[in-house]
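Chain letters run A, B, ... following the sequence lines, proteins first, then strands; residues in each count from 1. Keep in mind it's a predicted model, so treat the numbers as computed, not measured.
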2 protein chains.
Amino acid sequence: MSSPGSDPKPSSGTTLPRRRGRPQQFNAQDGVAIAARLFHRAGYEGVSVADLTQALKINPPSLYAAYGSKLGLFERAIRAYAADELAQVQQALRAERSAAEALGGLLETAAIRYSSRPATPGCMIATALQSHDDAARGIAVTLTRQNEALLEEYLWPSASPGKARTIVQFVMQNLRGLSLNARLGYSSDDLVRSARIAAGAVSDLLETP
Amino acid sequence: MSSPGSDPKPSSGTTLPRRRGRPQQFNAQDGVAIAARLFHRAGYEGVSVADLTQALKINPPSLYAAYGSKLGLFERAIRAYAADELAQVQQALRAERSAAEALGGLLETAAIRYSSRPATPGCMIATALQSHDDAARGIAVTLTRQNEALLEEYLWPSASPGKARTIVQFVMQNLRGLSLNARLGYSSDDLVRSARIAAGAVSDLLETP
DNA sequence: CAATTAATATAGCGAGCGCTACATTAAACC
DNA sequence: GGTTTAATGTAGCGCTCGCTATATTAATTG
């Protein structure tokens with residue numbers, strides 16, 4: 001009966017020998033994913049604790065026991081989202097092709113991603129960048145700075161540091177514009193068209209030394 | 001004593017023969033300008049009625065008597081802002097030069113405008129586009145659609161309707177990205193550099209028929 | 001001078017917010 | 001079984017939100 005293997009919902013990746021006390025009746029990781037969807041759609045302040053507890057089918061004390069606070073859950077949600085996006089982006093960059101092609105692919109796939117799930121349009125991080133809550137926005141700023149730094153380092157073999165910085169800023173500017181336009185309801189085709197124009201400009205920049 | 005000329009603060013542009021009742025002790029137009037600054041900085045939901053009454057040095061009933069509601073004041077504020085911006089944009093477009101130069105100038109001056117007043121960075125409309133309040137966002141969407149339509153019509157002599165639409169979407173995407181980057185604290189030089197890259201892409205699009 | 005009209009100041013309503021005290025329930029330990 | 005540990009459900013705290021009822025003040029009107 002008490003064998004570890006019978007644990008139906010291990011909240012961590014490794015199978016633990018189930019702790020004492022009443023077991024958690026919901027999966028905390030699933031909760032993060034659900035919260036991420038809500039926060040992506042409506043932003044940090046657009047989602048209330050009541051919304052979250054209703055979506056996770058738990059009561060407030062369970063949420064606070066599991067995540068500490070609304071902000072704590074938001075941080076876990078946006079970090080999970082960022083890790084997911086980062087994996088996709090790095091896959092786009094790691095492919096054996098030129099930096100121009102890679103950045104073009106990055107822009108184009110972003111355009112598609114931003115508009116492929118109408119319930120969660122745009123980029124969650126770009127959306128969170130404009131929260132009025134200082135702490136929530138701070139988390140988004142930190143994540144976006146990390147992504148900018150990563151892109152910049154990726155470009156160092158292909159461009160001077162200054163030029164890399166310029167290109168990254170232009171790319172981020174367009175990604176953020178794409179995210180906003182996706183949230184405004186622009187079609188996937190429209191977004192891809194605009195992404196390709198930006199990609200062309202990046203390509204020109206990389207070609208002229 | 002009761003001559004109209006002695007009216008110290010006519011709330012309307014025309015000098016009225018002062019109505020009956022206790023006179024308004026604040027200038028409603030000034031109030032709109034002050035509110036516009038607050039809303040520009042912090043967005044619709046980032047400014048409370050208490051913030052507004054404190055900034056206008058009035059009590060809530062006076063605000064509601066003058067503007068109807070917080071949303072009413074926001075609408076007057078953002079419309080005033082939009083009219084102001086529209087005048088500057090139309091001046092940029094009306095100049096006798098090519099569409100490419102005009103759009104390039106539009107992008108560049110926007111980059112400068114968005115970063116010239118650190119207390120109110122970015123574009124107020126672009127910022128308001130992401131409010132969580134449906135009514136406030138709706139007003140911003142309406143204004144931005146009007147601006148898009150205007151830009152599109154401006155381009156009709158220079159490009160096919162489809163191409164005009166594409167160019168406008170790309171320009172708006174970059175304006176919105178510039179606005180967000182301005183709010184993130186990017187320097188004026190950085191913004192202008194990115195704006196010029198976008199302008200170059202627009203120029204290319206207009207040159208290739 | 002009243003009577004009328006309108007903007008003011010005081011004070012607080014109802015609702016929603018993030019969050020928590022408290023008692024209860026369900027598991028592991030001995 | 002009894003004890004310990006932890007997650008749960010109920011209920012509601014303190015606060016801020018947009019907004020307003022009420023009484024008061026300051027002007028025009030006759």
### Summary
From CD of A:Gln25 across to P of C:dA27 the rounded distance in Å is 8 Å
### Query
Looking at B:Tyr44, is B:Lys70 sitting on its ring face, NZ or CZ under 6.0 Å from the six-membered ring centre and within 45 degrees of the normal?
yes
## Note on the structure
Assign each of B:Pro23 and B:Asp51 the nucleotide of DNA chain D bearing its closest heavy atom; nearer the 5' end lies the nucleotide of B:Asp51
### Query
Quick one: does B:Asp30's side chain have a donor or acceptor within less than 3.5 Å of a partner on B:Phe26's backbone?
no
### Message
For B:Glu148, is there an ion pair with B:Arg165 - N to carboxylate O distance below 4.0 angstrom?
### Response
no
### Query
So, are B:Arg196 and B:Glu108 salt-bridged, with charged N and O less than 4.0 Å apart?
yes
### Query
Between B:Leu52 (CG) and D:dG18 (P), how many Å, whole number?
8 Å
### Query
From C:dC19, D:dG18, C:dT8, pick the nucleotide closest to the side chain of B:Val49?
D:dG18
### Summary
Of B:Asn59 and A:Leu63, the one whose closest nucleotide on DNA chain D sits nearer the 5' end is A:Leu63
### Message
For D:dA7 and A:Ser62 - does any side-chain N or O of the residue sit under 4.0 Å from the phosphate oxygens OP1/OP2?
### Response
no
### Task
Could you state the atom-to-atom distance from NZ of A:Lys57 to C1' of D:dA7 in whole Å?
19 Å
### Query
Of the candidate nucleotides C:dC17, C:dT8, D:dT8, which contains the atom at the shortest distance from the side chain of A:Phe26?
D:dT8
### Task
Establish, with yes or no, whether the OP1 or OP2 oxygen of C:dT20 is under 4.0 angstrom from a side-chain nitrogen or oxygen of A:Tyr64.
no
### Message
Assuming nearest nucleotide by heavy-atom distance, tell me which of A:Ser48 and B:Ala65 is located more 5' along DNA chain C.
### Response
B:Ala65
### Query
Atom CD of B:Gln24 and atom P of D:dT28: how far apart are they, to the nearest Å?
15 Å
### Query
For A:Tyr67 and D:dA7, what is the distance between atoms OH and P respectively, to the nearest whole Å?
12 Å
### Query
If only atom types and distance count, is the side chain of A:Asn181 paired as donor or acceptor with the main-chain N or O of A:Leu178 below 3.5 Å?
no
### Query
Does C:dA9 have OP1 or OP2 sitting under 4.0 Å from an N or O in the side chain of B:Arg22?
no
### Query
Hey, is the side chain of A:Arg20 pairing donor to acceptor with the base of D:dT4 inside 3.5 Å?
yes
## Note on the structure
B:Phe74 CZ to D:dG18 P, in whole Å, measures 13 Å
### Task
Nearest whole angstrom, please: distance from the P of C:dT8 to the CG of B:Leu56.
11 Å
#### Entry: Separation of C:dC17 C1' from B:Glu45 CD (nearest whole Å)
13 Å
